[in-house]
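Quick notes on the structure that follows.
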Amino acid sequence: MKKILVIFVFLGLYFGVNSNMNAQSCDILYFCVKYDGGEKDCSDRFYAGSLTVMAKLANEIYYEKVYVQLDKYEPRTGEFKYYDDYEFTTDPDMTYIFFPGINFKDRGFYRVFLLNPNKETITSALIEII
């Protein structure tokens, strides 16, 4: 019985150490104050105003037109409700994209979506505006 337990522990450690996991093996949406050849002041908490939404995708975006949609959390109902959206043109082969001029004018929590032309979610993230 001890030998079987030792074998399972060894196999668990072996496969756990050799598994290929990358933090950026999926699509990621994040935020910064601005992008001019590099990201400036990335965070998930900002003061109200205009921000840049960044997308780091695992594969090419494929679409020439995408949307960034904002849904704002309503504490009274406990739900996110549509707030605003922005349309952008992209190159289909892009994997690293910035979307400037997204205006978060009201304080609160927002769910931000990157949507394809059919308004289906590519990726999303949360942000707090203080």
request  = Under the side chain to side chain contact (heavy atoms under 4.5 Å, CB included) rule, what do Glu87 and Phe99 come out as? Steps first, then yes or no, please.
outcome  = CA-CA 9 Å; Glu87 182 178 321; Phe99 304 101; over 6 Å; no
request  = Using the salt bridge (charged side-chain N to carboxylate O under 4.0 Å, His left out) rule, take Glu128 and Arg45 through it: C-alpha gap first, then chi angles, then the decisive distance, then the call.
outcome  = CA-CA 5 Å; Glu128 180 183 10; Arg45 190 173 194 211; 3.2 Å; yes
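Shown here are the ring pair (Phe, Tyr, Trp, His ring centres under 6.0 Å) partners of Phe98, two or more places apart in sequence or in another chain: Tyr35.
Residues Met54 and Ile61 are members of separate hydrophobic clusters, defined by side-chain heavy-atom contacts under 4.5 angstrom among Ile, Leu, Val, Met, Phe, Trp and Tyr. Following chains of ILVMFWY side-chain contacts shorter than 4.5 Å, one can reach Met94 starting from Phe88, so the two form part of one hydrophobic cluster. By the rule that hydrophobic residues join a cluster once side-chain heavy atoms approach within less than 4.5 Å of another member, Ile102 and Leu126 end up as members of separate clusters.
Summarising the geometry of Leu29 relative to Ala55, their closest heavy-atom pair is CD1-CB, 4.0 Å, with the distance given to 0.1 Å. Between Asp27 and Thr123 the shortest heavy-atom distance is O-OG1, 3.2 Å. When all heavy atoms of Phe46 and Phe31 are compared, the closest pair comes out as CE1-CB, 3.6 Å. The two atoms that bring Gly101 and Ser50 nearest to each other are CA-OG, 3.3 Å, heavy atoms only. The minimum heavy-atom distance linking Glu64 with Pro92 is given by the pair CG-CG, 3.6 Å.
Side-chain contact between Lys72 and Lys81: absent, with no pair of heavy atoms (C-beta onward) separated by less than 4.5 Å. Residues Glu60 and Asp93 form a side-chain contact, since some pair of their non-hydrogen atoms from C-beta on lies under 4.5 Å apart. Contact check for Asp71 versus Gln69: side-chain heavy atoms found under the 4.5 Å cut-off. Inter-residue side-chain proximity for Leu51 and Ile127 is flagged as met; some heavy-atom pair is nearer than 4.5 Å. A 4.5 Å side-chain heavy-atom check between Thr52 and Cys32 finds at least one atom pair inside the cut-off. A 4.5 Å side-chain heavy-atom check between Ile122 and Leu57 finds at least one atom pair inside the cut-off.
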Can you list, pair by pair, the side-chain donor-acceptor contacts under 3.5 Å of residues 107-118, counting residues two or more places apart and other chains?
{"from": "Tyr110", "atom 1": "OH", "to": "Asp106", "atom 2": "O", "distance (Å)": "2.7"}
{"from": "Asn116", "atom 1": "OD1", "to": "Asn118", "atom 2": "N", "distance (Å)": "2.9"}
{"from": "Asn116", "atom 1": "OD1", "to": "Lys119", "atom 2": "N", "distance (Å)": "3.1"}
{"from": "Asn116", "atom 1": "OD1", "to": "Glu120", "atom 2": "N", "distance (Å)": "2.9"}
{"from": "Asn116", "atom 1": "ND2", "to": "Tyr63", "atom 2": "OH", "distance (Å)": "3.3"}
{"from": "Asn116", "atom 1": "ND2", "to": "Glu120", "atom 2": "OE1", "distance (Å)": "2.9"}

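At a cut-off of 3.5 Å, with distance as the only test, a side-chain donor of Tyr30 or Glu39 sits close to an acceptor on the other residue.
With Tyr86 contributing its side chain and Asn103 its backbone, the two residues share a donor-acceptor pair below 3.5 Å.
Within the model, atoms NZ of Lys34 and CG of Asp41 stand 9.0 Å from one another, a figure rounded to the nearest 0.5 Å.
More than 12 non-hydrogen atoms from other residues, nucleotides or ligands lie less than 6.0 angstrom from OH of Tyr82.
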